[in-house]
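Below: the structure, in C-alpha cells.
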Amino acid sequence: MSAPVIAAEGLTKTYGSLTAVAGIDFEVPPGESFGLLGPNGAGKSTTMRMVGAVSSRSAGTLRVLGLDPDTHGPAIRSQLGVVPQEDNLDTELRVRDNLIVYGRYFGIPRRTCATRADELLEFAQLADKARSKVDDLSGGMKRRLTIARALINEPRILMLDEPTTGLDPQARHVLWDRLFRLKERGTTLVLTTHYMDEAEQLCDRLVVVDHGKIMAEGSPSALIRQYSSREVVELRFGSERNAPRRRGSRERRSASRCCPTGCCSTRTTARRSSSTSPPRVCTPPRAWCGAPRSRTCSFGSRGGA
Amino acid sequence: MTTVEPMTASALQAAERPQRFGALYIAEHQLRAMRAYGWTIVVSSVGSPLVYLLGIGLGLAAFIDQPVASGPAGPVDYVWFVAPALLVAAAVGVATEEFTYVVMAGFRWRRIFWGMNASPVSPEQICSGLVLSVAARMLFTTAVYYALVVAFGAVGNPWAGLAMPFVGLLAGLAFGLPLLAYSATLTEDGGQFAVVQRFIFTPLFLFSGTFYPLDSVPVGLQWIGWISPLWHASELGRQLSYGSTPGGWPWVAHLAVLLVMAGVGWVLARRTFVRRLRG
C-alpha cells in the first residue's frame, strides 16, 4: 500500500464569516484519479487552491507529498501541474512558446523545455499549431494546450479545475481521451467537475461536495449503485406554446445523471412559469438518476400561463 | 506501506532553482512577450528622441535668446538644459505604459499572473520579474536616447553623461513602482489609467522643470517639482551633463528622494502582489 500524496484532515477555509470549506477529510494515493464533484460554490476550487499551495488554510491539516503547503509552497508547486478553470495562456506568445516559458518557471533548461514542448504538442494533438497564435485556437484546443502546459514539468499530480466546462461534446471527448491516457500512465489526477458523466469517465474515486462539506464518497459505480434509481421523472410546467411538443409522457435518453446534493437539479426539479400553472410540484428525487434514462412530463396551461 | 519521503526530497530539490532564479524566469517571459510589440518599442525609442531633439534643439532653441540655465562655468545651451529632462521623461513614459495596462492584463485580461502563480515562483518573484523586464525596456530606451543626445551635441560632458541612462531608469522606477503598487490593486480598468496619463504624468512632465527651471514657475506650483521624480532625475542628469547649478539642491538629495520613492513603491508593489495572488 502506498502512502497518500495528498492527505487532508479537517481542512477548513473561511473568508470572514463565510465558510467556503468546512472541515473535510480525504486522502489521495499515488496514481489514483480523484474527483471533487459538486455545484458552483460548493468549495471545490477553494480546496484545489489549498492543495495547490496558493491559498493558506484556516484550520485543519493538509499534506501534499508529505509537505505542508503553508510552509513548502514552492516545493509542492514544483511537483504539480495545474489546469485552471479559466484559461490563462499568454495570447502574446505562440503556442509552442507558451509551453517553453512555462517550463522555465520550474527551472527547466531551455533545451529540455523545447524538447518537451514538441512531445507535449504531439500528445495534445496540436503539433501542427505550434507556430499559431493562441487566439487562433478553438476552445477545446486551448484546453488541450493548457493541459500540455501543465505537464511540462512532468508533474506527480495533475490538478484540473472543471477541465471541460464550456466545451462542446466532441471537444470534451477528445479531452477525456487525453486525460484517460495520462491516467493509464499512472499520473495522479485530481479534478473538479459538475458532471457525473465526466467523473464516471475519469475518476477512480470521488467525493461529492456541497456547502463546503463532503456529502458522499466512493467510486463512481458504487455511488451510482448506492444512490441512483433507474428512472427519474422530470416535470415541467410550461406555457401553452411549448406544451404540445412535450405533452404526454415520453422517454428521453440522456447521459446526464443527478447527484444527491441536487447539483444537477435542472433535470429533476419541476419548474413553474406562472402562478396560474397547475399546483403540481415534482420534488427532486433523493436518489441519483443512475440509469441513463428519464421520463419527462410537461404540463401546459392555457391563457399563456 | 511505501512512504512519500523520496517524493518529498525530490520536491524540495526541484524548488531550489525557481526559488533562486524565479524573478529572472518571469522577466524572460515578459521580454519574450514584448517581442509581440517589439517594433513599437524600437520605433518609439528612436523616433521620440529624434522628434524632441530636432524640434527643441534645432527649432525652439533658435528662438530663445536669453540663457535659461547656468552651470558652474556660466550659462549653458538650451538643448543641454532640456535633453536630460527629455531622456528622463521617456523612461517615465515607459513606466506609465508597462506598469498599468500590462498589470491589468496580467491579473485580469490575460490572467497570466495566475498561471505563473501556480508554478514554484512566488508572488514577490512575479512582481520582481515584471519590474526587471520593464527596467530592461527603460534602459534600452534611455540608452538609445542618450546616444542621440550625444549625436546632437546636447550634452556638456559625454563621459559623465554615460550615467544618464541609469538616472532615467531610476526615475522610471521612482515613478513606476508606486504606480505598479496601485495598478495591482485594481480589479478593472474604469479609466484610472487614462487619469494617471492625463492628470498625473502630463502635469508632472510640464511642471517639473522640464522645459524651464523650476524656480521660474510661481512658488505655489514649485511643490509639484519637489514631489516629482521627473524633476529630481532631470536635475541629476543636468549635473552629470554640465555640473551643478549655483544654488541648486545637492545631487545626493535628488538621488535620495528617487531611491526612497522607488523603495517605498517596491515594498508596496510586492505586498500587493502577495495579497492578490495568495488570497
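Computed over heavy atoms, backbone and side chain alike; hydrogens, waters and symmetry mates excluded.
Between B:Met7 and A:Arg156 there is a side-chain heavy-atom pair separated by less than 4.5 Å. Two residues are said to be in side-chain contact when any heavy atoms from C-beta on lie closer than 4.5 Å; B:Pro18 and A:Tyr105 fail this criterion. Contact annotation: the side chain of A:Pro84 never approaches that of B:Arg111 to less than 4.5 Å [non-hydrogen atoms, C-beta and beyond]. Side-chain atoms of A:Arg104 and B:Arg32, non-hydrogen and from C-beta on, never get closer than 4.5 Å to each other.
For B:Phe193, the CZ atom sits in a packed shell: over 12 heavy atoms of surrounding residues, nucleotides or ligands are nearer than 6.0 Å. Other residues, nucleotides and ligands place no more than 12 heavy atoms under 6.0 Å from the CZ atom of B:Phe166. Atom CZ of B:Phe199 has 12 or fewer neighbouring heavy atoms from other residues, nucleotides or ligands inside a 6.0 Å radius.
Nearest heavy atom pair, residue B:Arg17 against residue A:Gly107, reads NE-O, 3.4 Å. Summarising the geometry of A:Ser78 relative to B:Ala11, their closest heavy-atom pair is OG-O, 3.4 Å, with the distance given to 0.1 Å. The two residues A:Arg77 and B:Ser119 come nearest to each other via the heavy atoms NE-O, 2.7 Å. Closest approach of B:Ala33 to A:Glu92, counting heavy atoms only: O-OE1, 3.7 Å.
A:Arg94 does not touch chain B: none of its heavy atoms, backbone or side chain, sits under 4.5 Å away. Only the side chain of B:Tyr37 comes within contact range of chain A, with heavy atoms under 4.5 Å apart. Looking at A:Leu80, there are no atoms closer than 4.5 Å to chain B (heavy atoms on both sides), in backbone or side chain. Of the atoms belonging to B:Met116, heavy atoms from both backbone and side chain fall under 4.5 Å from chain A. Within the 4.5 angstrom heavy-atom criterion, no atom of A:Ile108 approaches chain B. For B:Ile26, the parts lying near chain A are the backbone and the side chain together; criterion is any non-hydrogen pair under 4.5 Å.
Note that CG of B:Asn117 and CG of A:Asn88 are 9.5 Å apart. Values are rounded to the nearest 0.5 Å. Interatomic distance, CD1 of A:Ile76 versus OG1 of B:Thr8, reported as 9.0 Å (0.5 Å rounding).
Contact tally against chain A (heavy-atom pairs below 4.5 Å) for B:Ala118, B:Gly129, B:Ala15, B:Ala36: the top residue is B:Ala118.
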_What verdict does the side-chain contact (heavy atoms from CB on, under 4.5 Å) test give for B:Arg110 and A:Asp90, after you've listed the backbone C-alpha separation in whole Å, the side-chain angles of each residue and the deciding distance to 0.1 Å?_
CA-CA 6 Å; B:Arg110 286 188 289 143; A:Asp90 193 336; 2.3 Å; yes

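Within residues 46-71 of chain A, the residues that have a heavy atom under 4.5 Å from a heavy atom of chain B are A:Arg49, A:Ala53, A:Val54, A:Ser55, A:Leu65, A:Gly66, A:Leu67, listed by number.
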